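Letters go in sequence order (proteins before strands), and every chain restarts at 1. All values below were derived from every heavy atom in this structure, side-chain atoms included, with hydrogens, water molecules and symmetry-related copies excluded. Not measured: the values here are computed from a predicted model.
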Amino acid sequence: MSSPLRGDGGAELLFNGVKKHPVTLPSQSEPWDMKQLLVWIQRNLLKERPELFVQGDSVRPGILVLINDADWELMGELDYQLQDQDNVVFISTLHGG
Amino acid sequence: MCQVDEDYRGEVERAAVPSVSKKCVKCKEAPAALVIRAGDAYCRLCFKDFFVHKFKAVLGKNRIIFPGEKVLLAVSGGPSSCSMLRQVQEGLSQKANKKLRFVPGIAYIDEGAAIGQSVEERQRTVAELQAVFQATGFPFYILPLEQVLDLPASVVATNPSPSEQPASAYKAAVGHFVETDGSNNFPTPQEPKKMLLPHVQESHTLQQLLGSVKTLTAREELLNTLRQHLLVHTARTEGYSKLMLGDSCTRLAVKLLTSISLGRGAQLAQDTGFSDSRYGDIILVRPMRDYSAKEIAYYNHLFTVPSVVIPSVDTKTVDKASIQRLTESFVTKLQADFPSTVSTIYRTSEKLQSACMKWSGAERCDRCLLCLCSLDTAVEEPSAFQATLLSDQLSGSKCLRGSAAETLRPNPGRPESPAPTGQCCSSAGGRDCGRPGSDGGCCSSAKLPETTRLKSLLCYSCALTIRDMSTVNHLPQYILSEAQRRQRRSQMREEISEFLLDDGDEGN
């Protein structure tokens, strides 16, 4: 299943400055949900300072997550199940003004 | 007294998670795309209208920007200020109904030296931003922070504030503008200027200055002050009368709490309010103070507002690195669970007003040397400020001893000539008075360490910032020379005070 990922607003600083990450998640029996995606990102993409991106199970407060340009709060946050070609964007709202 | 206000709904219990197929609360038709505040879900179009409308509303409600006026936009490259730039652009475009009517310019401060960026990195960032600015067609000024070293002392000199204009003046001005069709005032877009690279020596001096500050908190405060001075100076020299800052609601909520922690309680209204008139002729305006950081981020993403991520002194630092960072992390975390946190803090800040200081001739309103707010240190005996001075003195803190001896006297207006006893030598100790051959008595008033003398010219929080500096000699020349000027003035006033007529005598 492929899901293009994007980091913006300063979040890309934690991913080596690369904004777009086309990601192909390994297939598994149950569908991927956001919680698992975060674990996957932390393990495979996060280059430094994981605590600035992930906090416990969820993202750090201040990071806005958009799934297909819609707020993930409307989709169930961590419980949302990813579908193929879903566009996920992480925007840091803490940086800059 | 409890307020029946819908925004308090989310405070006690967690806001209920809206369901997936929630409709927009406004048009009730399109599927919702974003949750704002505590549970209000908006669709994309309604959100855009809401966003654009808020900008015009906040400017129209406050009626502080007159038509045809020149306004300088301070753009840092971050999301808030770039969003502000886009709103101004759209608001001025011909097709907007109720279009905005002022003449904008853009100022960007390149702080690369402060964060240790190489020249190539700085040039790269500046080139990116230059492309963005050129696309807008407004005149823009790229200012390396090193220019702060060359500012004239007039930046920190107290300026008389412009006379309060009656509300009717605004309406009259609008009417006049519409009649004369003032849209011809638009300045022509300038040709791309080659970026003036600051001299290596200047960058080094700036780094030395920032290096002499021991804590990150004080460094951020100092940077803030220098930044503001540079912006105000640019506005003055280029003929702008207003300065627009891009602080968002979230930023200002954090700033409010930080200011209280830093001892800036007396200046809260000016630091976080919509308009700030401490500089007299240049008025600072914060039109983005109604927008939360989330709204801005979403708008920028959806409507591709270009912004450039520039690291600052506290990027990637831990939570406890500075008071500002700590407060930001506190507010953001609280906001995640209680979505009305930021708006509650914001609403509190709206109720703050500066105490009106009358500008009568005899009673001069002394201003802080750095932040230019009214001094809050001339207080009577039983006050919290006196208590802190006393406890500092008793705990043997070196730096404050000199000024404590001065300010605890009944007449707090005497910055010069404290008791030139051995007290000075023991308090200053070490570095300054250590050298044996140093011009005779280092205890004489003229040779008092600069730190002590500066403190009497500063408000409480700026004095704390200075206290965190290992030496004040690296401060830019304009600050030091203005400090000397004020001290000489004050001394002179003391000397001729008995010959001055009191206001009360004039009737005789």
Spacing of B:Gln335 atom CD and A:Thr93 atom OG1 [to the nearest 0.5 Å]: 9.5 Å
Atom pair OG1/CZ of B:Thr317 and A:Arg49 - distance to nearest 0.5 Å: 7.5 Å
N/O donor-acceptor pair under 3.5 Å between A:Asp71 side chain and B:Val35 backbone: yes
Shortest non-hydrogen separation from [X] to [Y] and the atoms involved:
X	Y	result
A:Leu64	B:Lys294	CD1-CE, 3.5 Å
B:Leu34	A:Leu74	N-CD1, 3.6 Å
B:Arg325	A:Leu52	NH2-CD2, 4.3 Å

Region of A:Gln55 in contact with chain B, defined by heavy-atom distances below 4.5 Å: side chain
Heavy-atom pairs under 4.5 Å with chain B, option from A:Ala70, A:Ser58, A:Pro61 with the top count: A:Pro61
Test: B:Arg44 and A:Asp69 ion pair at under 4.0 Å: no
Neighbour count >12 (heavy atoms, 6.0 Å) for atom CZ, B:Phe330: no
Heavy-atom proximity to chain A below 4.5 Å, by part of B:Val318: both
